[in-house]
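So the structure is just underneath, and the comments pick up after that.
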Amino acid sequence: MAGLKEKLHEKILAWRPRIERLSEEYGDVVVDVVTVNKILGGMRGLKSLITDISYLDPEEGIRYRGHRLPDLFKELPKPKGSQMPYVEGVIYLLLTGDIPTESEVGDVIDEIKKRRILPRYVYEVIDAFPCCSHPMAIFSTAILTLHRESFFAKKYHAGINKPDYWDPTYEDMMNLLAKLPEIGTYIYAKLYKDGKRIQSDPDLDIGANFARMMGIKKPYDDVSRMHFIIHADHESGNVSAHTGHLVASSLSDIYLSVSAMINGLAGPLHGLANQEVLRWLQEIMAKMDGKIPSEEEMRQFVWDTLNAGQVIPGFGHAVLRKTDPRYMIQREFSMEHLADDPLFKYVDLLYKVVPPILKEQGKAKNPWPNVDAQSGAIQWHYGVDKYEFYTVLFGIGRAIGICANIVWDRALGFPLERPKSLTTEMLEKIVQSKKVHTQRDLA
Ligand code: NMX
Ligand code: MLT
């Protein structure tokens, strides 16, 4: 039986002719049109990227390699007695496109275990951070520090054939993914537990080991698995995925690229929204003196926030036009495990009151909750109440998809990304020339 890397190699060889054919035979076919508003509106919806790792349907939500998330949670192998699948199974799936068998997942678990140990200097860099630094700044820097370990960078400098780029990139990916939980949990220990680190256990899978290093009992192992899996990928246009891809397109290695994507994820309109949801909820809780607000009171809090010119964190989406399935997976878990938690009751109230208000306000194209509206409340329930840390958890998961994309970018020989920019005057001239055209047509 072929291991993950051999399987990936077979898949790459089979895929390359499809891309070559598209470029050679259909290179001039028009796929989308760039209007002025696409340029001014953050390229929203512009079909201009390619990835086979995942696809986001506005109505249905994300599919990883063609699989809806609720199906995946049934299809992927699970540890005995666990509700959630192995994170390692998603690594296998995103890289190869195949649902792994138990034994294939076992091989990935072994691969990851071998690569976990962090060089001492990473701890020292984390220790050296000034007080009050945000965990995402520390996380990004700790990853960046590992750049000196890159196989890809070493091979590139020694001289490597372009078709082989993917191979050392795969090695960098597996090394980094194995180390991210160690980095994340050390940042947590350093910032919130007086630096008292719990050592990893070489016998555990990613989810169980993460729970152990966080010092949190079951079912936090399943919470971690669920969290890393649902955050793993969201096609290529979101800020973190796009940043990872863009930086990697200059042949920066995985460490440089993932560190950069973490910085994009750290923005409040993207991954930091999970922290913002909890910060906002805590403010409301303080105003309510811990009591659960009535629907009417909650509506008022939502309107107050909107009227102050702020967004409701955890709601809306640039692509989705329905409730995020990642939200629903977490909601179902919460109804089973934390139904009586006061914070969940707040989240549940928001689920009911926010969408009609956003519809009434009439600005947001999508009034429904996204992944971030629910994730923090689960962490809080299991004792992770330092909400600045939540986006680090998102980042550990997101790195899986971004790394898989970078390996495939290299395998398919995708070029340096370099779109063209125009000046305002140039755009005005283009618009002017179109107007002249229209008038001429009318004459
Ligand atoms: N609360 C208030 N206003 C909103 C919201 C919201 N949750 N969502 C969108 N709007 C506003 C948006 O600010 C914009 O206003 P303006 O015209 O004054 O600039 C208007 O509605 C149109 O925005 P959309 O086209 O619906 O959304 P867009 O694609 O520009 O942005 C988000 C998408 C996700 C950035 C936006 O919905 C938002 O700010 N949501 C809250 C933050 C959040 O939850 N982010 C996490 C997204 C998921 N993730 O993990 O990355
Ligand atoms: C994500 O998971 O990246 C977010 O939902 C944002 C997006 O897809 O635009």
Side-chain angles (χ1 to χ4, degrees), residues 37-38 40-46 49 51 53-64 69 94 136 227-245 261-281 299 301-330 347 350-351 353-377 387 390-402 405:
N37 270 342
K38 294 261 185 233
L40 298 181
M43 296 186 278
R44 198 69 86 262
L46 186 71
L49 293 165
T51 177
I53 309 293
S54 70
Y55 176 76
L56 179 59
D57 181 273
E59 303 293 318
E60 181 193 64
I62 193 69
R63 278 179 183 252
Y64 291 174
L69 281 186
L94 294 189
M136 286 297 271
H227 190 94
F228 297 148
I229 291 173
I230 64 174
H231 287 88
D233 211 35
H234 222 227
E235 69 167 41
S236 274
N238 67 72
V239 171
S240 52
H242 193 189
T243 305
H245 164 77
M261 82 80 177
I262 290 293
N263 300 338
L265 193 67
L269 295 187
H270 192 15
L272 201 81
N274 57 12
Q275 154 183 325
E276 292 303 286
V277 170
L278 253 289
R279 194 167 60 83
W280 183 59
L281 282 177
R299 268 191 217 104
F301 286 123
V302 174
W303 274 117
D304 289 348
T305 302
L306 290 174
N307 291 337
Q310 291 158 26
V311 296
I312 306 299
F315 285 78
H317 202 273
V319 178
L320 282 166
R321 293 296 175 258
K322 284 267 168 69
T323 295
D324 192 335
R326 300 172 298 177
Y327 177 90
M328 290 313 286
I329 287 169
Q330 297 180 99
V347 171
L350 290 177
Y351 179 67
V353 309
V354 174
I357 293 177
L358 287 179
K359 279 187 197 165
E360 190 182 331
Q361 193 207 28
K363 277 170 68 174
K365 293 190 187 67
N366 175 45
W368 308 107
N370 62 57
V371 66
D372 298 315
Q374 176 68 79
S375 52
Y387 46 72
Y390 293 170
T391 317
V392 172
L393 300 172
F394 192 152
I396 294 174
R398 180 53 51 92
I400 300 172
I402 288 175
N405 268 289

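All values derive from a computational prediction rather than experimental measurement. In listed order, ligands and their atoms are each counted from 1.
Taking Gln310 as the reference, nothing meets the side chain to side chain donor-acceptor pair (under 3.5 Å) condition, with sequence neighbours excluded.
Donor-acceptor pairing under 3.5 Å is lacking for the side chains of His245 and Ser236.
Residue Leu306 touches ligand 1 through its side chain alone, judged by heavy-atom distances below 4.0 Å. With a heavy-atom cut-off of 4.0 Å, Asn370 touches ligand 1 through its side chain alone.
Among Gln361, Lys363, Glu276, Arg321, the residue whose heavy atom sits closest to atom 15 (O) of ligand 1 is Lys363. Distances from atom 34 (C) of ligand 1 to the heavy atoms of His270, His317, His234, Arg44 show the closest one on His317.
Among pairs with a residue in residues 317-328, those fulfilling side-chain hydrogen bond (donor to acceptor under 3.5 Å, both in side chains) read Glu59-Lys322, His234-Arg326, Asp324-Arg326, at least two apart in sequence or across chains. Screening residues 356-365 for side-chain hydrogen bond (donor to acceptor under 3.5 Å, both in side chains) gives no qualifying pairs among residues at least two apart or on separate chains.
The contact set between ligand 1 and Ala273, taken as ligand atoms under 4.0 Å from a residue heavy atom, comprises 43 (C), 44 (O), 45 (N), 46 (C). Residue Val311 has at least one heavy-atom neighbour below 4.0 Å for each of these atoms of ligand 1: 1 (N), 2 (C), 3 (N), 6 (C), 13 (O), 39 (O), 41 (C).
For a heavy-atom separation below 4.0 Å, the residues in contact with ligand 2 are His234, Asn238, His270, His317, Arg326, Phe394, Arg398.
The nearest protein atom to atom 25 (O) of ligand 1, hydrogens excluded, is given as Lys365 NZ, 2.8 Å; this is a heavy-atom distance.
Considering backbone and side-chain N/O of Gly314, one or more are found under 3.5 Å from N/O of ligand 1. Between Val371 and ligand 1, not a single N/O pair is under 3.5 Å apart. At least one N or O atom of Ala364, backbone or side chain, sits closer than 3.5 Å to an N or O atom of ligand 1. Looking at Gln310 next to ligand 1, no N or O pair under 3.5 Å apart turns up.
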